[in-house]
Structures are given as structure tokens and as C-alpha cells.
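In what follows, a single structure is set out as C-alpha cells and then discussed.
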Amino acid sequence: MKNPDVIIVGAGPTGLMLAVELRLTGVRPLVLERQPRRRDVPKAGGLGGQILELLRCRGLLERFEAACTGPAPAPRFPFGGVHLDFTRLADPPLHALPLPQQQLERLLDDRAAELGVDIRRGHEVAGVSQDDDAVRVDVRGPDGPYQVSARYLVGCDGARSRVRDRAGIGFPGTTYPEVNRLAQVSLPDTVTVLGNGDLDVPGFGAIRAGFTRTDHGLFGVGSSPDSKVVSLYTIEDESTDYDDDIPMTVAELQDSIRRVLGVNLPVEEAIRLSRFTFKARQAERYRRGRILLAGDAAHLFPATGVALNAGMLDAVNLAWKLAADLRGWAPTGLLDTYHDERHLAGARTMLHTRAQVALRRGHDAAAEALRDVFSELLTDEQPLRRMGALVAGTDIRYPMPGTSHHPLTGTFAPDLTLHTDQGITGVARLMHPARPVLLDLADRPDLRQAARDWRHRVDIHTAKTDDRPTDALLIRPDGHIAWAATLDEPAGTAAPALREALSSWFGAPRNDGEIAALR
């Protein structure tokens, strides 16, 4: 059995996304998953934020949209007991797909299979060791124990990560004493969904749509007049440490509703039942030697709707940097930028999810006043857009080397409409191969000439776009802009800056003789 280049522990969305990205670069990953089959326990109910644009950059978004379980929801998202309501904006800064995690994992599994990824289910990591050259993993498989080694190991094995523990990486933070229960159910005819979304429950009366706060917790209901399915949500203070592998039942949901709201709510059929607790934890380091962390193994956020986005973006950021190191052309320190950039992004996500805790958990008059003031601020477009970008992760700007930067550097590349000799395309389409792109928007032969010694690693394209924001963009495989030229920037400054950025991110140049030898 030939050893892989990278061992990935965990076949959840983060691990599978990492495996897919690595295969696009030609790297051979091995995925080890302790569960013998994909789990049916409902977890996340959708996918949203910046990862949707990244999926567009890989040509996968349409496939994911086609697999959605329903129409895209109205752009109205919970935020710590209040709502971010983007329904009045023509271009909301935050989008979501109603794609349950089981379905998401199946789609990523299928894509990994298309690319030839080796995924071994029912193979549990029993031990990990590393030295300067490799990582060795002791595995318990269905046919007995064995050992496998690779240049790198990435722990994508969740909140109780064994990889993180074996690497000796601290995971400080807070566990909040509350349990959240979320369900999508159909209700019997005895319960009426009113036109305004309220529920009329016999023997109790009306339960208003949205959130109802009581002395015993929080109850939420969301419904649509044209659907028999309603969403129910409870939060209770509770210190029970539930096993994620034990699914929630309808009876458990009804007991929780009874405790929080004081009503026996009949349920006809459960489409989705999930239970989760809230933790605010972030790994001290995302890398120790040849062991790295991603997804829930690296961070846990005390709010819903952000973990998948953050974890899958971890994977995309890491994959091309691992590939560069394995191929021998990574500049010094490139792999360390994974921790620098994604720990920063994780801290940013932690900021707004902890703010949600403060908004959500207060029960006195002062807490109500805080929520009222926050809601009032969100009636203005600018703060509403800013909060949307914060939750989506689109406000992240990675620090870039050097001292002089265009405002676009470090941000995610916009999907500009491009006019080329071959027709109309977009930036996202150029990113399908998961390779770096130099996009010349001003027909600058001086810049193309400056990049010619990197053309074995960087795809060079010339195009025109309306209202071009820059003369040229150097885009990393993860979609972030490594360098940009100002409009009509002189060659004397633009070309040297471009070559510096190419060297900083994509290694030393090669001359024509070396490139010919590669062919």
C-alpha cells in the first residue's frame, strides 16, 4: 500500500472539502473516518456565507443548488435573539442554501470519488507520532490494526478531536450551560398556521411567530402560509453533555417546548431533529510541526450557521499551501500563513458569535433594551450590510507582505464579468482549476512579461471589464487577491511589485529552459 501525501482524519464537510481541493492540485490524500458509514443524525441544515462564492469558483455551486431541499429562504437570519433582515435589499450581503449536512456530505463524497480520493470509513485513529520528515498514524480498521505515514496530517475530526489532543494543542474557551433544539416538523390539522405565521394551538391560544422569551428559556417558530412544514427552536439552560451520536427524538423536543413555553404542542411528523450545545473555543495553534487542524477541531462558535462556512474555508486556504510544500516550490513560511490567516478569520467569527451570546442570554429589562437598540440600528442600511458581511465572512482581509497595497489586496476577488477573445466569462470560471491567476484587465504586456517565469504555476489571462477596479489582479487559488495594480500604474513600480508578490506566494521563478524541461 503506497503511502499518501496527506492524511486527513475526519470525513465531514471540512475533511472532504480538503481532500477535493488537494486532488485538484495532484496531491494524494487519504481520508480516515471512524464512523463505518455516513451518519444520518441531522446537524447543520444549510450552507451560507463566503463558501458559496468559493464553490462557484470551483464550478460546484450549481450542483449544490440543484440538490437543495427547497427554495432558497428569504434573506432573514437569526442573530442572538434578533434578526438580520435583508429582505428590503436588492443585493443582500448574506445568502444561504437549504442543504442539510447529510446531503452536503454526500455531494462532497461524490466529488471526492470522481477525483479518486481514498476514503476509508470505519478506520479509527489509535495513535499519532511525528518527526521532522513524516507523520505516522496507528489505525484500527475493520480488518485489524495497521500503520500509515504521510508528510502531513490534518485533523478535521471535530470538537473532540483526537488529533488535536495527540498534537498537544490547547483548546481554551467557554462552554455555555445551554442546550439548543431545532426541528422541522409538520403539525396536525388541530394546529392552525395563521397568515402572519403565528400558530393557533387548541387549549392554549396563539403562539406568535419569531422568538418568545420566558423565564425558562427561548422558543422560536418560523412558518410559511404555503407550506405545512414549520421550524421550531428551543433554548434552555442545561448542563447535560449529550452524545452527538444519539439522535434527538420528537418526545425530547415536545418535553423541551413544554418546559420553555408551558404548552403541549402536537407534532404529526418530524422532518429534521437536531440538538446542539454552544461552546466558544479556538485552538491556540492551527499547526504543530506536520500536524494541522481545520474545522471544528480548530474552532467552535457559540452560534448557528457559521461553522460549515468557516471550516470549509479553512480547507481551501490550507490545500494549495500544502500542495506547494509537497511539490517543493513553497516560499519560506508559506504553510505558516495558514495559521496566521485562518486563526484571524476564526477570531473574527468568534467576535460576532460571542456578541450573539450577550444578546441571546440576557433575560432582564437591560438585556431587552440592548436587543431593542441593536434591532433599531439594523434598520439602517450601512450597519445592516456591515453585519451581513461579518456573518458571511466576506469582510476578511488577510494581511499581505510588503508595505504598499491596493485596497483590494487580501480580500476575496469579485466575480467580474470578463470580455475575452473567446467570449464572455467571469473571474469565478477562471478559478475552476484551483490554480493562481494573473488577470490583466488593461492589456499590459509589461505585466505579462514580468510574470512569464511563473507561467508554469500561474495562469495568465487578458480580458476587459466594465469599470475596471484595477489594471491587473494576482489571485491565489483560494480566491484572495495577493496583489493588484492601481489604474494606469507605471511599469516601473507595477512590474517589480508583481514579481515580488509572485515570489512571496508562488516561489522562485523558472527560466525558459526549466519550463521546457518540465514539459
Side-chain angles (χ1 to χ4, degrees), residues 1-40 43-44 51 55 58 60 101-128 130 134-164 166-167 244-245 286-287 290-298 307-308 311-323 325-326 338 434:
M1 185 180 300
K2 190 174 182 180
N3 285 329
D5 299 315
V6 178
I7 298 169
I8 300 169
V9 181
T14 299
L16 292 172
M17 189 72 187
L18 177 59
V20 167
E21 287 287 298
L22 287 171
R23 280 304 299 143
L24 290 174
T25 69
V27 168
R28 294 176 297 110
L30 165 64
V31 182
L32 301 175
E33 168 56 56
R34 67 182 181 89
Q35 297 289 343
R37 60 189 63 85
R38 288 197 301 266
R39 293 190 303 173
D40 293 329
K43 297 185 74 175
I51 190 60
L55 292 172
R58 295 298 183 263
L60 295 174
Q101 185 166 330
Q102 309 100 295
Q103 184 74 348
L104 169 63
E105 291 181 8
R106 185 187 68 77
L107 290 167
L108 290 170
D109 220 0
D110 291 346
R111 180 59 176 153
E114 292 169 7
L115 296 171
V117 174
D118 184 0
I119 301 175
R120 302 179 191 174
R121 299 185 183 275
H123 291 248
E124 184 175 6
V125 172
V128 175
Q130 65 170 317
V135 183
R136 280 163 290 281
V137 181
D138 296 313
V139 185
R140 288 192 292 261
D143 300 323
Y146 65 95
Q147 188 177 82
V148 64
S149 64
R151 294 273 300 281
Y152 288 100
L153 168 70
V154 185
C156 303
D157 51 339
R160 294 182 172 89
S161 170
R162 297 183 181 182
V163 171
R164 185 186 62 236
R166 284 168 170 78
D244 290 342
D245 293 334
Y286 286 9
R287 178 190 182 191
R290 294 189 171 274
I291 299 175
L292 301 104
L293 304 175
D296 286 353
L308 286 181
M312 293 172 71
L313 290 174
D314 289 345
V316 178
N317 184 288
L318 176 58
W320 71 273
K321 297 173 182 178
L322 277 174
D325 187 273
L326 290 163
Y338 168 66

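In what follows, residues are counted from 1 in the order of the sequence shown.
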Output the distance between atom [atom1] ([X]) and atom [atom2] ([Y]), rounded to the nearest 0.5 Å.
{"X": "L318", "Y": "L313", "atom1": "CG", "atom2": "CG", "answer": "12.5 Å"}
{"X": "T14", "Y": "D314", "atom1": "OG1", "atom2": "CG", "answer": "6.5 Å"}
{"X": "I7", "Y": "R151", "atom1": "CD1", "atom2": "CZ", "answer": "12.5 Å"}
{"X": "D109", "Y": "E33", "atom1": "CG", "atom2": "CD", "answer": "10.0 Å"}

- Message: So that I can tick it off, tell me whether D118 and R120 are bridged by a salt bridge, with the cut-off set at under 4.0 angstrom between side-chain N and carboxylate O.
- Response: yes
- Query: Between D325 and K321, is there a salt bridge with N-O shorter than 4.0 Å?
  - Reply: no
Determine yes or no for a side-chain-to-main-chain donor-acceptor pair under 3.5 angstrom, with [X] supplying the side chain and [Y] the backbone.
{"X": "R34", "Y": "R140", "value": "no"}
{"X": "D157", "Y": "R162", "value": "yes"}
{"X": "R290", "Y": "V135", "value": "no"}
{"X": "N3", "Y": "A150", "value": "no"}
{"X": "R38", "Y": "A11", "value": "no"}

- Task: Taking all heavy atoms of I8 and all of C156, pick out the closest pair and write down the distance.
- Result: CG2-SG, 4.0 Å
- Query: Where do R23 and P29 come nearest, in terms of heavy atoms and distance?
  - Reply: CD-CD, 3.4 Å
- Item | Working for side chain to side chain contact (heavy atoms under 4.5 Å, CB included), residues R166 and I291 | CA-CA 10 Å; R166 284 168 170 78; I291 299 175; over 6 Å; no
- Query: Which of these passes side chain to side chain donor-acceptor pair (under 3.5 Å) with E105: Q102, Q103, Q101?
  - Reply: Q101
- Message: Do I51 and L308 have side chains that approach each other closer than 4.5 Å (heavy atoms only, starting at C-beta)?
- Response: no
- Item | D5 vs R28, salt bridge (Lys or Arg N to Asp or Glu O under 4.0 Å): CA-CA, chis, key distance, verdict | CA-CA 5 Å; D5 299 315; R28 294 176 297 110; 3.4 Å; yes
- Plane angle bin for Y286 and Y338 - parallel if under 30°, tilted between 30 and 60°, otherwise perpendicular: tilted
